[in-house]
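A short worksheet on the structure shown next.
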Amino acid sequence: MLQRIRDRSHGWVAKTIVGFIVVTFAFFGVESIIGAFTGSSDEVATVNGDKISRQSVETEVQRAIRSGQVAPEQEREARTQIINQMIDSRLLDQYAEEGGLHLSDAQLDQLIVSLPEFQDDKGRFDADVFRNRLASAGYSPTSFRQQLSSDTLREQLRQGFASSAFVLPSETEALSKLQRQTRSFRYATLSSADLETPVTLSDDELTAWYDGHQENYRRPAQVKLAYVLLDQTELAEGGEVTDETLQAEYAAKRAEAPREIAHIMVEKGDDVAASRSKLEAAREQLAAGEDFAKVAESVSEDSSTADKGGELGVITRGIFGEEFDDAAFALDEGQVSDIVDTGDSLHLIKVTGLDIASFDDMRDELLTDARQSASRDAFNEKAQQLKDESFAADDLKSVAKDLDLPLQQTDWVAQDTDDALLSEPGVMSAAFDDEVLKEGYNSDVIELDDSRRLVLRVAEQRPATTLAFDEVKQQVQREATADKTTNALKALAESDLKTLSDGQQVDGIDWREAKDVSRQADSQLPQSLVKQAFALAHPQGGKSVYGHAVLKNGIALIELTDVGESEPGEMDQFLSRLASRLQAQAAVQGLQESLRERADIERK
Amino acid sequence: MAEELRSEEEQLDAIKRWWGENGKSLIAGVVLAGAGVFAFKAWQNYDASQSEAASLRYQQLVSLVSQPTLDDAGTQQARKLIGELESNHGDSLYTQMAHLLDASMSVKAEDLDMAAKALQSVRDSSDDSYLQGLASLRLARIEVGRGDNDKALSLLKNPPAPLAAQAAAVRGDALVAQDKRDEAIMAYQEASSLSQQSGQPIYGLDLKLADLAAESSS
């Protein structure tokens with residue numbers, strides 16, 4: 001390849017190209033050439049002619065994932081959101097620049113030095129901490145300064161627009177008065193028993209209701225499924241486990257159990273041979289039957305353990321390095337190692353105890369484990385078989401038979417079924433997949449979790465439809481009757497209310513008093529009743545105001561007699577803070593919206 | 001090709017003649033260009049240091065205003081900074097934002113006249129439609145607070161789209177104060193539907209509508 005280029009580089013075309021590359025490199029650097037070929041696909045959006053590169057989006061996405069703000073499986077949705085945020089930020093950056101907002105290098109330096117994130121434990125700026133923090137967040141010092149600068153300028157904008165939001169005392173007062181308002185009224189409930197004649201419906205009325213409320217009687221597309229479920233827990237039963245297997249398992253666990261360790265340590269120092277022979281001597285003493293603790297006290301150079309019998313406590317692998325671990329985990333209780341070289345020092349290690357229960361105590365646990373691992377193998381084998389056979393077969397019955405699993409059948413189910421198994425992720429979407437629904441194939445193997453696999457097939461299907469009148473007649477009857485009853489009660493209420501407003505009495509009304517009710521209704525009164533009582537006009541000149549509220553089973557007549565006010569409490573401060581926060585939020589959102597409206601944004 | 005045959009001397013003569021005709025303007029051009037670049041650089045430096053000074057003053061103002069309570073010395077200091085921003089950096093966004101902060105500071109001190117003045121200066125000097133709209137909206141609320149409802153209503157005409165919901169709500173407040181119940185209901189209802197569209201809640205709208213018995217009139 002290179003030779004060929006060299007051969008042809010004598011031609012004028014090649015010379016021109018090489019010349020072009022030389023000139024471009026010399027003046028503009030390597031990026032310009034790479035950019036020229038990748039440029040078109042390298043940006044995600046332009047904002048008023050300003051580009052947002054794919055790479056910068058990627059960096060932000062990765063940063064969000066690494067910091068745990070975004071779960072890896074939500075990467076896709078997060079990307080769209082991040083692009084939108086970046087466009088919004090860019091708009092604010094441009095607005096800040098146009099408005100002449102500026103941060104000098106000196107201001108930026110001062111800001112960086114003052115950030116607690118970059119300070120040591122004495123509150124002083126620490127350059128190493130600075131660099132490490134940046135590196136772990138994926139910033140270079142330059143890119144971080146840039147980011148910090150635009151963040152700070154955007155913050156200045158936010159302060160100008162949002163922190164300047166205010167709420168007038170008169171506004172708070174007005175809201176507080178409304179919140180504290182109380183109403184006194186009396187009410188009486190009317191139910192179907194109060195109607196002179198019970199509601200009846202003709203067939204025509206029923207049909208009319210059915211025709212007018214078709215959406216109530218719609219049924220979604222449904223399928224009947226056949227499926228095979230492979231469940232490891234059901235395989236776990238049975239299978240003989242011999243005592244030898246359990247013993248072997250126990251030995252393996254024992255070999256890796258945490259160990260209680262004592263050691264005698266000698267620094268290697270300059271004369272390694274001398275150190276070694278010192279430890280050899282100690283070893284001989286031990287072999288002769290000398291107590292480990294005594295030898296440790298006289299020989300060990302580990303001052304923190306020498307007078308405590310050399311006890312280091314319980315260790316697991318990974319604390320003292322590989323050499324130490326290998327030696328320690330090769331020993332059984334009571335044994336002492338050969339001399340172990342850990343680099344700086346030499347050790348004699350003794351295992352004084354093992355942190356593991358006895359075989360008899362662990363027998364049940366071992367048995368379960370052994371059965372599980374046996375069933376795991378059987379499960380994996382069957383899962384593979386299920387995959388192969390269900391892919392090849394034209395039906396599911398033969399697959400079930402070959403795997404010795406039952407073929408299960410469902411009743412009619414829609415895509416939004418609440419059946420415990422069928423509503424698990426992936427099941428109904430597989431059933432309504434074109435290949436399965438339309439072509440009639442077996443589904444792929446669905447991995448419900450580590451220990452369950454499912455394959456399904458559509459046995460029968462029916463499209464979405466509106467149910468025929470006869471099928472839903474009872475439901476129609478119920479709903480239409482309820483509606484007509486409410487209307488009849490409303491009419492009765494209206495006529496009663498008219499009589500009352502005219503200053504006359506209505507017989508047989510059972511009024512109940514409700515005094516000084518606040519908006520935060522006491523629980524005895526129905527919510528809709530209180531809401532309606534507060535939606536009536538204020539009584540003027542001692543004249544009651546009448547209204548009605550629709551309750552769960554009936555209608556309530558309301559006679560509003562008085563509007564009052566409860567004592568002001570701590571509510572005012574809360575109201576003013578809440579209102580001011582909403583004002584602030586709206587001011588910033590509005591700015592962002594108006595910038596978006598005016599901008600020329602192109603998404604690629 | 002006669003020109004190629006001309007002697008070196010003739011060519012030299014031609015060059016001298018050309019220089020004689022164009023030399024002065026060429027030198028002048030180079031000098032001018034040089035001066036231009038120099039001036040531009042100097043202006044850039046000046047501009048950057050101006051912006052830096054504005055940025056510092058603004059930052060100081062923000063930290064003063066964000067204190068929960070401001071004593072007299074603090075208020076004076078803040079006023080001084082606002083004055084400096086206005087006289088030295090009149091066309092900077094910093095100055096406009098300083099006026100906005102001034103208004104909220106004055107409201108906190110219950111000086112509505114001062115707040116109105118600050119917001120009025122944003123309206124007078126900004127050419128940004130949103131910023132103007134925001135200042136008008138806030139000024140209108142102060143006018144309602146001061147009881148000048150007609151002025152408030154005139155300030156609330158043609159708000160920028162992102163502020164339309166809030167503007168309608170304030171219009172409702174002004175109309176309520178003028179006892180124009182039906183118009184107020186319409187304004188609140190407009191605010192309510194606009195705020196639902198934009199997803200920006202406005203606190204208290206439902207209460208105000210219910211209190212006017214809006215449902216029983218429609």
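A, B, ... follow the sequence lines: proteins, then strands. Residue 1 opens every chain.
Contact detail for B:Tyr130 and A:Ser594: the closest heavy-atom pair is CB-OG, 3.5 Å. B:Gln166 approaches A:Ala586 most closely through the heavy-atom pair NE2-CB, 3.3 Å. Taking each heavy atom of A:Ser163 and B:Ser104 in turn, the nearest pair found is O-OG, 4.1 Å. Closest heavy-atom contact between A:Glu597 and B:Ala161: OE2-CB, 3.9 Å. Contact record, B:Ala213 with A:Ala537: CB-N, 3.3 Å, taken as the closest heavy-atom pair. Shown here for B:Ser92 and A:Gly100, the closest heavy-atom pair between the two residues is OG-O, 4.5 Å.
At a 4.5 Å heavy-atom cutoff, the contact between A:Ala165 and chain B is made by backbone and side-chain atoms alike. In this structure, chain B has heavy atoms under 4.5 Å from both the backbone and the side chain of A:Gln159. Both the backbone and the side chain of B:Lys208 come within contact range of chain A, judged by heavy atoms closer than 4.5 Å. Using a 4.5 Å cut-off between heavy atoms, B:Pro160 makes no contact with chain A at all. Using a 4.5 Å cut-off between heavy atoms, B:Leu112 touches chain A through its side chain atoms alone. Neither the backbone nor the side chain of B:Leu137 comes within contact range of chain A; no heavy atom of the residue lies under 4.5 Å from a heavy atom of that chain. Neither the backbone nor the side chain of A:Leu595 comes within less than 4.5 Å of any heavy atom in chain B. Within the 4.5 angstrom heavy-atom criterion, no atom of A:Arg581 approaches chain B. Residue B:Leu134 touches chain A through its side chain alone, counting heavy-atom pairs closer than 4.5 Å. Proximity to chain B (any heavy atom under 4.5 Å) is restricted, for A:Gln181, to the side chain, taken from C-beta onward. Using a 4.5 Å cut-off between heavy atoms, A:Leu578 contacts chain B through its side chain alone, with no backbone atom that close.
The NE2 atom of B:His99 sits 12.5 Å away from the OG atom of A:Ser164 when rounded to the nearest 0.5 Å. For the atom pair CG of B:Leu212 and NE2 of A:His538, the computed distance is 8.0 Å after rounding to the nearest 0.5 Å. Rounding to the nearest 0.5 Å places CD of B:Glu52 at 8.5 Å from CG of A:Leu103.
Remark: the backbone N or O of A:Ser580 is not paired with any side-chain donor or acceptor of B:Tyr203 at under 3.5 angstrom. One N or O on the side chain of B:Arg141 and one on the backbone of A:Phe166 form a donor-acceptor pair closer than 3.5 Å.
Around CG of B:Asp72, the count of heavy atoms belonging to other residues, nucleotides or ligands within 6.0 Å does not exceed 12. Counting non-hydrogen atoms of neighbouring residues, nucleotides and ligands closer than 6.0 angstrom, the CD atom of A:Glu155 exceeds 12 such neighbours. Counted within 6.0 Å of CD on A:Glu77, heavy atoms from surrounding residues, nucleotides or ligands total more than 12; the atom is thus considered enclosed. Atom NZ of B:Lys108 has more than 12 neighbouring heavy atoms from other residues, nucleotides or ligands inside a 6.0 Å radius. Shown here is A:Gln573, whose CD atom has no more than 12 heavy atoms of other residues, nucleotides or ligands within 6.0 Å. Taking a 6.0 Å sphere around CE of A:Met86, one finds it holds more than 12 heavy atoms contributed by other residues, nucleotides or ligands. Other residues, nucleotides and ligands contribute over 12 non-hydrogen atoms within 6.0 Å of the CG atom of A:Asp502.
Using a 3.5 Å distance cut-off with no hydrogens or angles, the side chains of A:Gln589 and B:Gln200 do pair a donor with an acceptor. With 3.5 Å as the limit, one finds a donor-acceptor pair spanning the side chains of A:Gln156 and B:Gln59.
By the 4.5 Å heavy-atom criterion applied to side chains, B:Met97 and A:Leu101 are counted as neighbours. Annotation: side chain of B:Ile142 is in contact with side chain of A:Leu168 (closest heavy-atom distance under 4.5 Å). A heavy-atom distance below 4.5 Å is not found between the side chains of B:Val107 and A:Val167. When side chains are defined from C-beta on, B:Val144 does not count as touching A:Glu171, because their heavy atoms never get closer than 4.5 Å.
Most heavy-atom pairs under 4.5 Å with chain B: of the set A:Ser104, A:Pro169, A:Ala96, this distinction falls to A:Ser104. Top candidate by heavy-atom pairs under 4.5 Å with chain B, chosen from A:Gln107, A:Gln585, A:Lys531, is A:Gln107. Contact count versus chain A (heavy atoms, under 4.5 Å) is highest, among B:Asp128, B:Asp102, B:Thr95, for B:Asp128. For chain B, the option among A:Val545, A:Val563, A:Leu175 with the highest count of heavy-atom pairs below 4.5 Å is A:Leu175.
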Criterion side-chain contact (heavy atoms from CB on, under 4.5 Å) on B:Leu93 and A:Tyr95, from CA distance to verdict: CA-CA 9 Å; B:Leu93 184 55; A:Tyr95 185 68; 3.6 Å; yes
Derivation of the salt bridge (charged side-chain N to carboxylate O under 4.0 Å, His left out) call for B:Asp206 and A:Arg519: CA-CA 12 Å; B:Asp206 291 344; A:Arg519 283 180 198 276; over 6 Å; no
